[in-house]
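A short worksheet on the structure shown next.
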Amino acid sequence: MPSTPEPKSPLILVSLTLNGHAAEFSVDPTERLLDTLRYRLGLPGSKEGCGEGECGACTVLMDGLPVNSCLVPTFQARGSVIRTIEGVPPSELGTLLACGATQCGACTPGVVMTANWVRSCPEARKSHTLRELMAGNLCRCTGYDGIIDGLQAWIDGLGTNPPNDAGGDR
Amino acid sequence: MLGQQPDALPMAGGTDLLVHWPAHAKAHGRTYIDLSKLTELKRLTHAADGLRLGALTTYWDVITDAQAARGYPLLIEAARQVGAVQIQSRGTWAGNIANGSPAADGVPALMALDACVELASANGTRCVALDKYYTGYRASVKRPDELIAGILIPRRGLDISLFFKVGPRRAQAITKVGLAITRETAGGKGSGAAQTPWRVVANSVAPTVRRCPEIEALLHSGAPVKSPDGFLAAAKKDIAPIDDIRSTSDYRMTVFCRLLYHALRGRAAGIN
């Protein structure tokens, strides 16, 4: 576990909404949202696969949009609405995972966060293919077909749109 | 603020700054000015004569703007090939310009659309044509006390509007060879002092993103080009690709010429 960086600047107070609940804490300005989630807030579901925004294993939703949490300085998340994998009830994932969308599981939290956003975003699905929308989540195991099949099934099985914190369909 | 601390670095989405951030921040001890809460800078505005992107307008903001998609499809083409959604939701066009990477993907599209960069300081605002903005590798005319406040894109009738990004895969890639090509409709109202209706802008093949004036002149002349090699002489004057960790000079030059030839074959006079 990496140590919290030595503060060189005054700490910044961050208040945000995390998985539907208010959270408040102070951070060094150099702290990344990924580290805040994993080490400060006890939410290790988001993974560090690359630290450079290429693999998507760290994907969370910030104000309704997928972001790489390894590239978000936590202080920029003040006042935002954050959803992590810990906020997704496992009972929602049956359809997605039944099609072979997961094997080792390393990419799965990030895949689920992006996939959840894709299924709540019919507008994006009109202009983009599912593969393009999922392109920011790399997987070494499944060959992607299981992920795309699972996502399509998840979308097709949709009765109503899932809850969306951004205040409306995005 | 920038006037008092010229070494301070303005920061928007941070998608390049944050790469391996913990190591960098400790090593450099830099001062950053966070722009992210200045939400008024995110707005993009349409006018009859053009589009203005705000300092904090992201790629996703443009992708999801129906009017931008209709009027400036080249921007959408470029934006969709930047990283993936997770980067597009945070990365800004102005940040792409300011970061000054020779591999920037947003810059060629903007440059091919004759964009101007709005530079603001305590002393006022000036607009610099993007194709005159860069002076060298990661160097520009922007003074340390200036901030990119917006990007102005004039509305022009275009009959050719093409974007190419060649990389190791189709998403989440740094460009090996990139091209943005536009041609203004004949008889269209030109903007600036352009004598050619063509804009051919390349990235990842020179120390800066740059227009290719020899290629543009060649296209404007209608001289026959019967194969990709027909562009080689002009390309050698316009671009200077290098060998680096991502690609080689030979590959870049070859692919650059092929992209031009196959994109314009049958669309531009002389290219057959």
Side-chain angles (χ1 to χ4, degrees), chain A residues 2-6 8-9 12 28-35 48 50-80 110 113-114 117-118 121 123-124 126-129 131-138 166 170, chain B residues 8 11-39 42 56 58-66 68-70 73 76-77 79-92 95 167-174:
Chain A
S3 56
T4 318
E6 301 281 354
K8 292 193 179 79
S9 325
I12 300 178
D28 185 274
T30 59
E31 191 160 311
R32 303 175 308 171
L33 182 58
L34 178 62
D35 296 320
E48 177 154 14
C50 71
E52 51 187 47
E54 286 204 34
C55 76
C58 66
T59 303
V60 301
L61 299 189
M62 183 166 168
D63 295 330
L65 285 177
V67 300
N68 293 123
S69 61
C70 71
L71 296 185
V72 176
T74 306
F75 75 82
Q76 282 196 348
R78 304 192 305 288
S80 68
M113 294 315 293
T114 308
W117 169 77
V118 171
C121 212
E123 279 308 305
K126 284 186 194 144
S127 52
H128 292 60
T129 63
R131 281 186 196 269
E132 185 178 354
L133 293 170
M134 295 299 299
N137 291 90
L138 302 187
R170 295 287 312 253
Chain B
M11 178 178 184
T15 58
D16 199 74
L17 279 176
L18 268 277
V19 174
H20 299 304
W21 170 255
H24 292 165
K26 280 181 200 165
H28 299 311
R30 255 190 122 154
T31 301
Y32 298 88
I33 298 179
D34 177 42
L35 305 174
S36 64
K37 291 302 172 211
L38 302 171
T39 49
K42 208 170 187 286
L56 296 183
T58 65
Y59 298 109
W60 192 253
D61 287 336
V62 171
I63 289 168
T64 52
D65 186 278
R70 280 193 306 273
I76 313 300
E77 283 261 16
R80 285 175 72 151
Q81 297 191 55
V82 171
V85 171
Q86 291 93 325
I87 299 291
Q88 294 159 17
S89 61
R90 293 275 299 163
T92 63
R169 55 190 172 203
R170 293 180 66 184
Q172 295 287 57
I174 305 286

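Here is how names work: the chains are called A, B, and so on, in the same order as the sequence lines, proteins then strands, and each is numbered from 1. Note that the coordinates shown come from a computational prediction; the quantities given were computed from them, not determined experimentally.
- Summarising the geometry, atom CD belonging to Glu123(A) is positioned 10.0 Å from atom OG1 belonging to Thr64(B); distances are rounded to the nearest 0.5 Å.
- For Thr114(A), the part sitting under 4.5 Å from any heavy atom of chain B is the side chain, from C-beta outward, and nothing else.
- Annotation: side chain of Leu18(B) is in contact with side chain of Arg32(A) (closest heavy-atom distance under 4.5 Å).
- With hydrogens and angles disregarded, no donor-acceptor distance shorter than 3.5 Å links the side chain of Ser89(B) to the backbone of Val67(A).
- From Glu52(A), atom CD reaches atom OG1 of Thr15(B) across 12.5 Å, with rounding to the nearest 0.5 Å.
- Only the backbone of Ala12(B) comes within less than 4.5 Å of a heavy atom in chain A; its side chain stays farther off.
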Task: Evaluation steps, side-chain contact (heavy atoms from CB on, under 4.5 Å), between Ile87(B) and Asn68(A) - done: CA-CA 7 Å; Ile87(B) 299 291; Asn68(A) 293 123; 3.5 Å; yes
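- Distance check: Leu65(A) CG to Thr58(B) OG1 gives 7.5 Å after rounding to the nearest 0.5 Å.
- Proximity to chain B is absent for every atom of Met134(A), based on heavy atoms less than 4.5 angstrom apart.
- Ranked by non-hydrogen atom pairs under 4.5 Å with chain A, the options Lys37(B), Arg90(B), Arg80(B), Gln172(B) are led by Arg80(B).
- By the 4.5 Å heavy-atom criterion applied to side chains, His128(A) and Val85(B) are not counted as neighbours.
- Distance check, rounded to the nearest 0.5 Å: CG of Leu133(A) to CD of Gln88(B) gives 9.0 Å.
- With contacts defined as side-chain heavy-atom distances shorter than 4.5 Å, the pair Gln86(B)/Asn137(A) qualifies.
- The heavy-atom pair separating Gly13(B) from Gln76(A) by the smallest distance is O-OE1, 4.2 Å.
- Neither the backbone nor the side chain of Leu17(B) comes within contact range of chain A; no heavy atoms are under 4.5 Å apart.
- Taking each heavy atom of Leu71(A) and Val19(B) in turn, the nearest pair found is CD2-N, 3.9 Å.
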